[in-house]
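Worksheet for the structure shown next.
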Amino acid sequence: MAGETAKLNAFPVFMRVDGRRVVIIGGGEEALAKARLMAQSAAEILVVAEAPEPALVNWGAANGVTLVRAPYEAAHLDGAALAFAATGEERSDRAVVADARARAIPANAVDRPELCDFFTPALVNRAPVAVAIGTEGAGPVLAQMIRARIDRMLSPSLGRLAVLAASYRDAVERRLAKGVVRRRFWKAFFTGGPARAIEAGNARRAAEAAEALLLAQGAEPGHVALVGAGPGAEDLLTLRAQRLLMEADVIVHDALVPEAVVAMGRRDAERIAAGKRKGCHSKTQAEINELLVALGRAGKRVVRLKSGDPLVFGRAGEEMAALRDAGISYEVVPGVTAAFAAAADFELPLTLRGVASSMVFTTGHDLKGVALPDWAKLAIEGATVAVYMGRSTAAEVAGRLREAGLSRDTAVAVVENASLGKRRLFHGTLSDLPALEKRTDLAGPVLTIIGDAVAGANFTRSESLAAWHETGARIPAQEE
Ligand code: SAH
């Protein structure tokens with residue numbers, strides 16, 4: 001509710017602990033947990049325990065912890081910045097807290113919030129950047145859940161980027177006017193060229209990009225990411241794809257990418273549907289190439305979102321060539337391709353020991369001329385064949401494989417809308433495949449897998465391909 005923020009009983013602060021000592025009293029699991037947490041800082045850690053558990057002893061020895069094997073005495077706390085009571089016994093914990101307070105040392109008693117002067121956070125550590133999550137001891141599990149979410153959102157290299165940023169602070173103050181220009185510089189620094197170079201592990205290129213950004217007064221050149229959106233399920237997006245979507249100025253997406261995935265992008269990002277579905281007003285590939293180049297030239301951060309993996313039947317080659325020719329920087333983010341999603345839905349091993357040890361990604365769409373396609377030969381030799389865009393050319397594909405000598409009994413699996421709730425699975429043999437072309441009940445994208453490895457799939461959730469007749473009526477189950 002606006003204007004009615006509840007008050008925190010525990011206020012988060014970042015405390016300097018480098019070169020200072022933190023004392024943990026206790027020798028069990030809780031003490032070890034606190035030691036691990038504090039070891040994420042540069043504090044000197046002292047553990048006091050009469051009979052420490054081996055796990056604590058070993059971990060402590062490997063991590064520079066000073067272990068005092070002695071009964072606890074108040075003097076152990078002298079000079080500490082923080083004190084932890086982790087004895088596991090309430091009376092002892094109380095005594096430690098009382099001794100700490102007498103020395104004006106803030107104390108934390110593990111699992112006894114009522115005794116705590118401070119709480120430890122769930123921590124996302126990208127030193128020097130830290131995100132600390134606190135619930136005032138009310139919900140450690142909740143805190144861990146939030147921690148995991150934030151952890152996924154932040155690039156693993158964020159800390160290194162922050163260190164680089166610190167080294168540019170003076171230069172920015174000297175060379176860029178306060179206000180808009182400086183803000184623009186830092187935004188471009190943290191999401192643009194320097195960030196990408198650091199993420200790629202190239203410190204030299206990051207420094208060059210930062211230098212160029214200074215010269216350009218923070219005006220960042222455009223960048224296009226060709227991003228695989230996966231087969232459709234939102235949670236099959238990669239973390240990197242998600243991060244880029246959240247940073248994008250413009251998202252250019254294909255019709256096959258579901259709205260729910262596009263919606264994971266930054267809310268105020270411009271969205272452009274590039275079409276490519278029957279019946280839609282769609283752009284030609286040349287128009288898409290031009291659009292990407294124009295957006296890049298305008299300094300936009302563009303996500304070109306393609307279904308599955310961008311490099312599998314995604315025409316990414318043409319887009320990359322156009323960007324390269326125009327001198328616009330780009331990157332490629334892989335995605336889960338439809339064949340893998342379909343195989344997963346069918347629990348179908350694409351390679352199977354002694355049966356299939358190679359795999360073909362193909363499409364029926366460029367079957368022209370009289371020569372047999374090369375992949376037909378591979379299928380004879382036992383390759384598993386994944387056919388993209390295969391519905392409208394099912395008869396042609398089946399014909400070519402039969403011509404090449406593949407048995408009409410070879411197993412075939414067909415998945416419509418792989419990975420999505422509305423998916424449909426079908427199984428049959430090569431002789432059933434031609435009929436797929438005539439099916440009017442399959443409106444979604446369809447992927448076909450052909451080969452002996454298909455026999456290893458799970459057919460308990462799939463319908464028989466042979467059971468469908470042109471009338472659209474299905475033969476009752478007992479006849480399947
Ligand atoms: N780059 C994409 C392929 C684009 S071509 C990828 O790597 O998956 C479009 C074809 O992909 C469709 O005709 C269909 O054969 C396949 N496809 C894409 N998504 C699919 C899905 N969810 N289920 C089944 N097939 C799919």
Side-chain angles (χ1 to χ4, degrees), residues 153-155 157-158 161-162 164-165 168-169 171-200 202-229 240-254 257 262-274 283 285-306 310 315-316 318-333:
M153 275 168 50
L154 301 179
S155 164
S157 57
L158 183 63
L161 186 61
L164 183 69
Y168 275 90
R169 225 168 20 215
V172 168
E173 263 162 46
R174 263 184 286 112
R175 289 164 61 182
L176 300 184
K178 209 169 163 174
V180 180
V181 176
R182 261 188 221 173
R183 267 203 307 281
R184 185 173 64 190
F185 172 88
W186 285 120
K187 193 173 163 217
F189 184 96
F190 286 116
T191 60
R196 282 194 295 275
I198 288 285
E199 189 142 354
N202 192 333
R204 192 179 47 82
R205 190 149 55 80
E208 283 165 9
E211 208 47 58
L213 207 51
L214 268 177
L215 279 175
Q217 299 278 302
E220 157 91 333
H223 179 80
V224 179
L226 301 169
V227 176
R240 190 179 298 174
Q242 196 179 351
R243 215 153 47 221
L244 285 165
L245 278 170
M246 281 181 339
E247 289 168 359
D249 297 316
V250 187
I251 300 168
V252 181
H253 60 91
D254 283 342
V257 180
V262 182
M264 293 176 86
R266 197 158 65 96
R267 201 167 290 189
D268 46 0
E270 186 187 347
R271 292 172 193 180
I272 303 176
K283 295 187 195 314
Q285 187 59 50
E287 284 170 339
I288 296 172
N289 297 350
E290 275 166 32
L291 173 67
L292 296 179
V293 167
L295 290 169
R297 286 221 171 100
K300 304 284 189 196
R301 284 163 305 173
V302 182
V303 167
R304 170 72 176 111
L305 196 58
K306 291 168 171 294
R315 304 192 68 171
E318 293 155 66
E319 293 173 14
M320 289 189 290
L323 293 165
R324 217 161 26 230
D325 289 348
I328 289 162
S329 78
Y330 66 86
E331 72 189 292
V332 182
V333 179

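Tested against E220 for a salt bridge (charged side-chain N to carboxylate O under 4.0 Å, His left out), the candidates K300, R196, R301 yield a single pass: R196. Shown are L291, L292, V303, I272; of these, the side chain to side chain contact (heavy atoms under 4.5 Å, CB included) with V250 is made only by I272.
Expressed to the nearest 0.5 Å, how far CD of Q285 lies from CG of N289 amounts to 4.5 Å. In this structure, CZ on R175 lies 12.5 Å from CZ on R182, to the nearest 0.5 angstrom. Atom-to-atom distance recorded for I198:CD1 and L158:CG is 10.5 Å, nearest 0.5 angstrom. To the nearest 0.5 Å, the span separating NE2 on H253 from CZ on R271 amounts to 7.5 Å.
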Practice prompt. Take E199 and R243 through the test side-chain contact (heavy atoms from CB on, under 4.5 Å) and record every step on the way to the result.
Written response: CA-CA 12 Å; E199 189 142 354; R243 215 153 47 221; 2.9 Å; yes
Discussion item. The test is salt bridge (charged side-chain N to carboxylate O under 4.0 Å, His left out); show your working for E173 and R169 and say whether it passes.
Written reply: CA-CA 6 Å; E173 263 162 46; R169 225 168 20 215; 5.4 Å; no
Discussion item. Pair E331, R240 - check salt bridge (charged side-chain N to carboxylate O under 4.0 Å, His left out), show working.
Written reply: CA-CA 12 Å; E331 72 189 292; R240 190 179 298 174; 5.3 Å; no
Discussion item. For L245 and L305: C-alpha separation, side-chain torsions, deciding distance, then whether side-chain contact (heavy atoms from CB on, under 4.5 Å) applies.
Written reply: CA-CA 9 Å; L245 278 170; L305 196 58; 4.2 Å; yes
Practice prompt. Check the pair D249 / V302 against side-chain contact (heavy atoms from CB on, under 4.5 Å), numbers first and verdict last.
Written response: CA-CA 6 Å; D249 297 316; V302 182; over 6 Å; no
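Between A316 and P310, the shortest heavy-atom contact is CB-O, 3.1 Å. Here the closest heavy-atom approach between residue L164 and residue A206 is recorded as CD2-CB, 3.8 Å. The two residues L214 and A171 make their nearest non-hydrogen contact at CD1-CB, 4.1 Å. When all heavy atoms are compared, the tightest approach of H223 to S329 is ND1-OG, 2.6 Å. Residues I288 and K283 approach most closely at CG1-CB, 3.8 Å, considering heavy atoms. The two residues I251 and A248 have their closest heavy-atom pair at CG1-CB, 4.0 Å.
The closest side-chain heavy-atom distance from V293 to E290 is not below 4.5 Å. At least one side-chain heavy atom of L213 sits under 4.5 Å from a side-chain heavy atom of P194. For the pair R304 and D254, the minimum side-chain heavy-atom distance is below 4.5 Å.
Remark: side-chain polar atoms of Y168 are not paired, donor with acceptor, to backbone N or O of W186 under 3.5 angstrom.
Aromatic ring pairs are classed by plane angle as parallel below 30°, tilted from 30° to 60° and perpendicular above 60°; the pair F189 and F185 is tilted.
Ion pair E319/K306 flagged as a salt bridge, since at least one NZ, NE, NH1 or NH2 atom sits closer than 4.0 Å to an Asp/Glu carboxylate oxygen.
Remark: R324 engages M320, A321, Y330 in a side chain to side chain contact (heavy atoms under 4.5 Å, CB included) (not counting sequence neighbours).
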